[in-house]
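Please read the structure below before turning to the comments.
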Number of protein chains: 2
Amino acid sequence: MTTQTLTRNQGLVLDVLSHSQSPLSAYTILDKLRDSGFRAPLQVYRALDKLLEFGLVHRLESINAFVACAHPDEDCHAHGITAFTICETCGKVTEFHDHVIEDRLKGFARDRNFKTGKTTIEIRGTCAGCA
Amino acid sequence: MTTQTLTRNQGLVLDVLSHSQSPLSAYTILDKLRDSGFRAPLQVYRALDKLLEFGLVHRLESINAFVACAHPDEDCHAHGITAFTICETCGKVTEFHDHVIEDRLKGFARDRNFKTGKTTIEIRGTCAGCA
DNA sequence: CAATTGATGTAATAACATTACATTCCAATT
DNA sequence: AATTGGAATGTAATGTTATTACATCAATTG
Ligand SMILES: [Zn+2]
Ligand SMILES: [Zn+2]
Ligand SMILES: [Zn+2]
Ligand SMILES: [Zn+2]
C-alpha cells in the first residue's frame, strides 16, 4: 500500500467526488470539471478507472454512480467486500464491512467451485435523516 | 399471491428470458421479439417492469441485464433478499437465499434507522464449468 | 353509454459507456 | 543530450441502456 501520486485529471475527479454530499454520475463529474478543461466523457472514465483501481473511489452499480471511498487510508478494497447503504432521498451513502456476510458469500461460492471476482452489495432505501 | 395472468407482451418477454441460458439486455430481448411485432425499447421495458413486479424476473444491476426467476412458483421476491452468482465467461446465473446474510444486513440497517428498500447482492466471477 | 383504468404503439430524446486514433508527457536507458 | 517505451491525454465518433411524451386501444364498471 504505497502512497499513490495522482495525475492532474485523477486529482480533479477525486476532488469533485470528495466534496460531494452524494454519489455522482460520470457525466455530472464532467460538467463540474468543464471549467478545469474537461471536454469529453473519456477523461472522466479514465480517471475513474484508475481511482477505482487505487481503491480511492467506489462504483455504485445499482445507480450508475461513483463515490469517494470513506476510508481511503485503509486500502479499503483490500479489506474484503464493501457494502453500501444508499439513501434514495438525499443520496447519502454509508460504507461498511461485515465479515460474517463475507464468509457466507465466500462459503457459498467455494461450495460451488465458483471463483469470486468482484462482489456488489448495495441496500437502497431511506436514511435516518430522511425518514 | 394470486396467480397472475400475463399480457401478450409480458408473456413474450418472459418466454424469451425463460429460454435463455444467460441474462439478456432489454435491447437483446427487443431484437429477439422483432418477428413477434416488437418495434421499440419501451415495449420491452414496460413488460419487464411488470414481470419484476410479479417476481417472475430479476434485474442484475451490475450487468444491466435481466434473467427469469429460477423459482417463479415460490414468490421469490417475497422470500427475502435474492443473491446471485454471475459467470462472466458463460453468463450462467445462480440464484440463492441466505438468511444469515439477510439478518446481518437487516440488523445493520436497523441499527442505523435506515429503512431498507431493494437490496442487491451480486457476485461476478467464473463458474465451475468455466474454470 | 361515459368514465376510468391499464396496456399498447411510436417517435424522440436522455443518460451512460466505449472504441479508435492521434498526440503528449515523462522517466529510464543509451 | 538523444532515444525510446509506457502511461496519460485530447478529441471525435459511436455504441448501449433507459426514459419522456403523446396518441390510441381495450376491458371494466357504474
Ligand atoms: Zn471504501
Ligand atoms: Zn437521506
Ligand atoms: Zn428468483
Ligand atoms: Zn461459466
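Residue numbering restarts at 1 for every chain, and letters A, B, ... go by the order of the sequence lines. Because only heavy atoms are used, hydrogens play no part in the values below, and waters and symmetry mates are left out as well, while side chains stay in.
- B:D31 has its CG atom 12 Å from the C1' atom of D:dT16, to the nearest Å.
- The nearest whole Å value for the distance from the CZ atom in B:R8 to the P atom in D:dA27 is 14 Å.
- Taking 4.0 angstrom as the limit, B:Q43 places a side-chain polar atom (N or O) nearer than this to OP1 or OP2 of C:dG9.
- When rounded to the nearest whole Å, the span between CG of B:L48 and C1' of D:dT17 equals 12 Å.
- Within the structure, every pair that satisfies the ring-ring contact (aromatic ring centres under 6.0 Å, His included) test and touches residues 87-131 of chain B, not counting sequence neighbours, is listed here: A:F96-B:F108, A:F108-B:F96.
- Put simply, CZ on B:F38 is 7 Å from P on C:dG9, counting in whole angstrom units.
- Here the side chains of A:L56 and A:L6 are in contact, with some heavy-atom distance below 4.5 Å.
- Residue A:E53 contributes atom CD, which lies 11 Å from atom P of D:dA7 at whole-angstrom precision.
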Determine, for nucleotides 12-19 of chain C in 5'-to-3' order, which nucleotides have protein heavy atoms under 4.0 Å from the base (write B), from only the sugar-phosphate (write S), or from neither (write -). ----BBBB

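- The distance from atom CG of A:L30 to atom C1' of D:dT9 is 14 Å, rounded to the nearest whole Å.
- For A:T7 and D:dT9, the shortest distance from a side-chain N or O to OP1 or OP2 is below 4.0 Å.
- Listed nucleotides: C:dA7, D:dG10, D:dA21. Nearest to the side chain of A:R46: D:dG10.
- Side chains of A:F38 and A:V13 form a contact here, defined as non-hydrogen atoms less than 4.5 Å apart.
- The closest donor-acceptor contact from the side chain of A:E74 to the backbone of A:H71 lies at 3.5 Å or more, if one exists at all.
- One finds no salt bridge joining A:R46 and A:D49 here, because no Lys/Arg side-chain nitrogen approaches an Asp/Glu carboxylate oxygen to under 4.0 Å.
- We find that CD of B:E61 is positioned 13 Å from C1' of D:dA18, with the value rounded to whole Å.
- As rounded to whole Å, 11 Å separates atom P of D:dT17 from atom CD1 of B:I29.
- Residue pairs meeting the side-chain hydrogen bond (donor to acceptor under 3.5 Å, both in side chains) criterion with at least one partner in residues 100-115 of chain A, sequence neighbours excluded, are A:R104-B:D98.
- A side-chain hydrogen bond (donor to acceptor under 3.5 Å, both in side chains) with A:T120 is found for exactly one of B:E61, B:R124, B:E122, namely B:R124.
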